[in-house]
Amino acid sequence: MKVTDVSFVDVLRSMTGSLLVSLVLLMLFAVTFFHFDVQMRREHFSQVELTSLAVQRHSIVRTITAITQDMAGLQEHQSLYGFRDWLDPRYRTMMSFEMETLCRIRRQFDQLRILDNKGQERIRVDCLNGFPQSVADDQLQNQSRRDYFSSALVLGQGEVFISPLSVQQEATTNSASGRPVLRLSTPLTAPDGARTGILVINYLADELLTSARNDVSSNLKRSPQGGYLYLVNSSGVTYNSLPSGYPRAADGGYNLATLFPQLWEQIELSESGSIPVTQGLLNFITYRPLQQVDSYLPDYPEDLASDNEYSSRIEWKLLSFVPDQQLQFGVEQYILKMAIIVPLVLLILLPMLYQIKRSRLQRSLMMAEMEAQRIFLQTMMDSMGDGVVAVDTHGNMQVSNDSLEEMFCYAPDELVGHPATKLLGRVVEQEADSALQWMERLLERHPDGRELICRNRYSDEISMEVSVRPFSQGDQEFFLLVFRDITERKKAEKEVESLHLKYCHREKMAEVGLLVGGILHEVANPMAAIQGLLLELISDDEKENPLLDEDGRARIQLIIDHVDRVKGISREVSSFLRPASYSFELSDLNGIVQTTTRLIRFDKRWRDIELQEQLDPSLPPVNAIADQLVQVIMNLLVNAADACGGAPERKSQVCIKSCSVGDMALFEIIDNGSGMSADTLQQIFEPFYTTKADGQGTGLGMPLCEGIINDHGGSLEVESSLGEGTQVRVYLPLASLD
């Protein structure tokens, strides 16, 4: 195709995908540039804020530590003054003085109180901005229901309880109104170790943040980078002001969980982090007072510190909110840079992309027709049921179809470029000097193909019919090898031949049976004559002058007995060979079994086998075809005899049992022969499957028995273990006597 055939419009249409890719690359470039120019600076900014919050958290720890040290000092003073009882005025005066002094020093204290072991206030000092005021006895209250009292009761000496942040006031008018309070309590003990009461200090919680900020900078409630600082409890309530425009909560603080539920969910589920919000950047860090107390009070009770429900109430968050105007991450500069860079990149990229696409489009148009022809030919080859492969004059395979790959279990890349001998095998080496010569001879001697045994990649033999056809492509010559899998056809032919031989054998045996019946009938007549003459001879000898002595008579009687035995055999065989009725009729199963066993005893294999019969005389009749049941029992007994012959190390035994099981008649044939393996047991009902040597079994006996029993409405079960014997159970429905 000429270059003029590629129009400008065609090139533009082909550039659509490339333009989209270019836009995606530009977006990736913008994101990457934003990461380095803005995001990394934001991360650095957040790291500074988080470091500042960590310093503030450490300062709060020191503040709480100082409070616990004050409580330890009051405990020492109580021991120094000596506690006798609550009516001791000296003790109460000295402790009130110590608590008032502590109020003047710690202006962040709201109240100090001492409770007795029942929760009754005994001493209380209200601290109003550092001015202590002792409460009169008639205004003292019972605080036994407060959590700081009940929790302190379980503490030991020197252990401290820290309550959650709360805006609930004590029942007094002298405490700080509306300010959040943090309550700490610890047991007071006498010199002998007995607990005398509980010391409680109410600390103004919002002063924690003020004290912490004094350790960082002189600008209260602001971070080093201009952010607002907040202390928040586990319910999302903060106790210092948000930026203007946010309403104050009814409990005295600002409830982030109510105002911003999704934002609070992110904060609550994380230990620390940074969250961009619509008006700025929020950084936060978690503080758990119980864990901090445990670090400087090693005797803090583990059961209280490990209480997940309680610990979750004492989980605080330190927040730093930086407004947009304080964030200088170069967003405007970033937008300006991108406005300059993107047009320059497009001016350079678009002409180059146009030339590349024009060349590729021209090449693709020239290759399209060739590719279409190749696909058409390959599809036609793949649709063929026979395996096809093209071989060059060097004997290497060039193209193959799907059928060939499936026949030989090879992938396409395992055939293309490899010699054809990979499929043909040693036949090439045996019949020719090269694959090319072998194909030429095959074309000359067997133009319609020949049968060949090939092997797949797993060395499995495959019967193939191979033919060859020459063809050319341009100035190159090729041979087309066609493989047709005839494995199933050969197998079917072999099975047909085997069936033919087996049925011929059965016909021959049937003819032999008729011949034997005729011979036995002819033998029966002279046997009767011989027996009659012998009986007459003995009778005449007894009437007149006896010529025979006792020994002679015994020998003649022995001959008569053997003649009776021959006649018995003749009758049994004749009865067995006599054509039977093939209609269902009432039959005695025990009688059929006994008739069959009498007949089979004439087989020499039963001379060394002990045959036991355990037949139920009360067994009801069955509705059956007697001749077919004889055939089943005969076949099962022959199998048992063969199995006993395979276990010569023990005395052979076969037992036949019969009984009734519900509405079914059951007879069993049990032998102690060689038994069968599990694999053999699964295949015994498959036609033509046999474990006997060639000429000794057809493999049709057990399938025939199963078919006869199924036709009678019964079932046949076999249990066997290798080396232990076999048990065959036959169930037949009992005849209805209605």
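Q56 and S52 are linked by a side-chain donor-acceptor pair at a separation below 3.5 angstrom, with hydrogens and angles left out of the test. No side-chain donor-acceptor contact under 3.5 Å links S677 and D679. A donor-acceptor contact under 3.5 angstrom links the side chains of Q141 and Q143, judged on distance only. Remark: the Y91 side chain and the Q78 side chain contain an N/O donor-acceptor pair separated by less than 3.5 Å. With 3.5 Å as the limit, one finds no donor-acceptor pair spanning the side chains of S720 and Q727.
Between Q133 and V125, the closest side-chain pair of non-hydrogen atoms is not below 4.5 Å. Contact annotation: the side chain of L319 approaches that of I267 to within less than 4.5 Å [non-hydrogen atoms, C-beta and beyond]. The closest side-chain heavy-atom distance from R113 to N202 is below 4.5 Å.
With respect to R122, the salt bridge (charged side-chain N to carboxylate O under 4.0 Å, His left out) criterion is satisfied by exactly one of D137, D88, D116: D116.
Salt-bridge annotation for D85 and R92: absent, with no side-chain N of the basic residue lying under 4.0 Å from a carboxylate O of the acidic one.
With a 6.0 Å radius and a threshold of 12 heavy atoms from other residues, nucleotides or ligands, E265 has its CD atom at or below the threshold.
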The test is salt bridge (Lys or Arg N to Asp or Glu O under 4.0 Å); show your working for E414 and R457 and say whether it passes. CA-CA 10 Å; E414 294 176 316; R457 68 177 303 167; 3.0 Å; yes
Can L74 and E98 be said to form a side chain to side chain contact (heavy atoms under 4.5 Å, CB included), step by step? CA-CA 7 Å; L74 289 175; E98 292 291 342; 3.9 Å; yes
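Judged by distance alone, the side chain of R124 and the main-chain N or O of L115 form no donor-acceptor pair under 3.5 Å.
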